[in-house]
Amino acid sequence: MHKTPLLDQLESGPWPSFIKDLKRVAGRKKSAADLLGVLERSYKDKITHWKHGGIVGVLGYGSGIIGRYIDLPEEFPGVEHFHTVRVNQPAGWFYTTQALRELCEIWDEHGSSILNVHGSTGDMIFLGTTTDQLEPCFAKLTAKGWDLGGSGSAMRTPSCCVGKARCEWSCYDTMDLCYQTTQHFQFDMHRPSFPYKFKVKCSGCPNDCVASVARADMSVIGVWKDDIRIDQAAVAAYQGGEIKPRGGGSPYAKLDVKADVTDLCPTACMSFDGKKLSIDNKNCNHCMHCISLMPQALRPGTETGATLLLGSHAPILEGAQMSWVIVPFMEMEAPYDEFMELVGNIHEWWSENGKNRERVGELMLRLGMRAFLKGVGLEPVPQSVKTPRANPFFFWHAEDFEAEAAGRKYIK
Amino acid sequence: MAERITDIGPPKFDKFLPPVIKDNYGKWKYHEILEPGVLVHVAESGAKIYSVRGGSGRLVTTDFIKDVCDIADKFCDGYLRFTSRNNVEFLLTDQSKIAGVKDACKKMGIPLGATGHSVSNIVHTQGWVHCHTPAIDASGIVKSVMDDLFEYFGSHKLPAQVRIALACCLNMCGAVHCSDIAILGIHRTPPKVAHEKLRHLCEIPTTIASCPTGAIRPHPDKSIKSVVINDERCMYCGNCYTMCPALPVFDAQKGGVALLVGGKVSNSKTPPMFSKLAVPYLPNNPPRWPEVVGAIRKILIKYAEGANKWERVGEWVERIGWEKFFEVCDIPFTFQHIDDYRWAYDTYRTSMHFKF
């Protein structure tokens, strides 16, 4: 065991200590002991000691394994090769202890016993093993019904919120869409052939618990079209202080329905006369504020589906983007043919036009929304924009004149 | 070889759902937070599921997983899940067993919380544990910040929920750009070219192609098989280091931490927002990063004091104005705060709506 005086200082304090946890396995795993050693060195040097590189993987797959090497192999031979295995998580991150114990057994045998539960994309990350262990580890995983997630310029592992499994707000079955999408795009997940990464994240309502709007190329966010369901007796109970606001999760004991709910409605589409809550549902922008505050009184409507937004990514290269609306409403019922076809069309348009390492959202900005909409077969809708353009630089194509002559708004 | 299994995808989720979820799938009516870290969801049928939520590290071991499995076996018929913020949730139907789960978690050192108006678990990246381009560690800063903000994890004291995220470099695999408080590792100097090493280790065309801003070109002296970097174009992303280990981007003295604030992803009241730069530089100071911990506490306290009910950090700042935010939090405003990248104009003030 290496001496780790700096890391030892992270063993105290009330929050769970990853150092204490790592030390538990360092006694039986040379790789974990050396990982602590090299981490201590980084704490001293204030730089990383990891190197990217080397194509490693399992036979027939181009993704799912990330190669990693140390720059101090003589001092820390246990982590000379320390590759990552991305194990595709079950939708919603539900497990049985039996399944988790099986995964632990595989990882204890073939790797460092260190893992991330879970990584940013959603996969369970097995952190650190050697090249020769990859194929046997993969064989054990698949024998137990598990598979690898995506990495590199591929379809990435889709992820989702808890959805209908345990949330009353979910406007479609996020876990099923996530699972079906993962199955549908298996080939593209395991054989990177896109210009860059492509992420799909499924949130059941506009609260967006998996942050799909910020970090998915394709963000699927649940929404309803009809009226918010109201239980007026429960509204009165909130006003009377019999039910605590926000499920009891706030510092405020009692709700003032007018001040806390209707006055804060961003569209001013609701009013409360002291007894009855009225909602002008045609003008609701489904922000969820009122529903989140009064979960026993209000629920999303029953005509439900999802909004599709496209294009978000972290700052590289043009600056961070959030996804923007491309389809305001799509019904989301299995087998999701319309959704799968659209995602396929987007992949095709992007693969044909995208430059190496260009995310689909960047390509849309480079070529313009018109090229995108035409390329994937969508119509222009006002929900896509916050405002129409303010400049006079709009141009006309021959097909616009033809459409005009034929009495159409745009090309079909 | 014929027996090799591929492309089966993950197991279908319904294998892992407790019976109460299978029976009431899509038929939940409402939920309550009984106390910090304990939720109950009530179905149309009247059935209930209790979830006991605890904070864990994102970086864990199989020993830890087996320990949480022991708890789930003892009290939850073997059912549990994890959340999008790396919390563990024990799922049970028998309310009388909640106390047992709570005791077991306490014994194991798993704090309960992350519900309602709390500071939930920090989502983060790998840092020095496994990444090749980080400016900072991830798990160590997260541990230090959560130790300090511990009282807010297991309580509902804040005006709204506060989501903190950490990315150890600007590539942001943690996608921290929409968090109430984002901790970002920053490099502040271009890679140093090790000409002698580069000659042996790197392919010059792929190295040049790896630069997203086109800042790398072949060395003008053709006898030197290496590259030069246009410092003014470099944004310190480290992509070239990925291709070429002779171009280290990290600098032990100059690297550090920036804080961005005011982002969110929910649509509640206001649209999703990006986090914006609050503190451009804090020193990289392991093992406890006291400057970072202190700066985050100060922002959080000022927010808790100043925000209206239900206001997220970004909503509070927008209401009082950024100039007031810097004043209240006592953060000096610098050249770095003014955007001069691609969409800078979007951030310039074109109105008289400001405060002195």
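What you see below is based on every heavy atom in this structure, not just the backbone, and it leaves out hydrogens, waters and symmetry mates. In what follows, every chain begins at residue 1, and chains take the letters A, B, ... in the order their sequences are listed.
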Region of [X] that comes under 4.5 Å of a non-hydrogen atom in chain A:
X	answer
B/N86	both
B/V123	neither
B/Q253	neither
B/W343	side chain
B/N239	side chain
B/I49	side chain
B/L91	side chain
B/S56	backbone
B/M243	neither

* To do: Please determine, by modelled atom types, if A/H313 and A/R215 share a side-chain donor-acceptor pair under 3.5 angstrom.
  => no
* Asked: If we ignore angles and hydrogens, is there a donor and acceptor under 3.5 Å between the side chains of B/K264 and B/S275?
  -> no
* Asked: With a 4.5 Å heavy-atom cut-off, do B/F250 and B/I136 have their side chains touching?
  -> no
May I ask you to decide whether [X] forms a salt bridge with [Y], counting only side-chain N to carboxylate O separations under 4.0 Å?
X	Y	result
A/R299	A/D231	no
B/K66	A/E105	no
A/K23	A/E11	yes

* To do: Could you pull out all residues at least two apart from B/K74 that satisfy salt bridge (charged side-chain N to carboxylate O under 4.0 Å, His left out)?
  => none
* Asked: Residues in salt bridge (charged side-chain N to carboxylate O under 4.0 Å, His left out) with A/R101, at least two apart?
  -> B/D70, B/D73
Do you know which of [options] has the most heavy-atom pairs under 4.5 Å to chain A?
options	result
B/K15, B/K29, B/H156, B/R163	B/H156
B/F64, B/Y79, B/F274	B/F274
B/K27, B/H124, B/Q126	B/Q126
B/D7, B/I21, B/D77	B/D7
B/P159, B/C168, B/G54, B/S139	B/S139
B/M172, B/H130, B/K157, B/K309	B/H130

Tell me, for [X] versus chain B, whether the close heavy atoms (under 4.5 Å) come from the side chain, the backbone, both or neither.
X	answer
A/S12	both
A/V117	both
A/D45	backbone
A/S292	neither

* Structure fact -> Rounded to the nearest 0.5 Å, the CG atom of B/N267 sits from the CG atom of A/N285 at a distance of 8.0 Å
* Structure fact -> Most contact-rich option vs chain B, by heavy-atom pairs under 4.5 angstrom, among A/L148, A/T97, A/D173, is A/T97
* Structure fact -> Of the listed A/D208, A/V210, A/D108, A/T182, the one with the largest count of heavy-atom pairs under 4.5 Å with chain B is A/D108
On the 0 to 90° scale, with breaks at 30° and 60°, tag the [X]-[Y] ring pair as parallel, tilted or perpendicular.
X	Y	result
B/W310	B/H117	perpendicular
B/F82	A/H118	perpendicular
A/W146	A/Y95	parallel

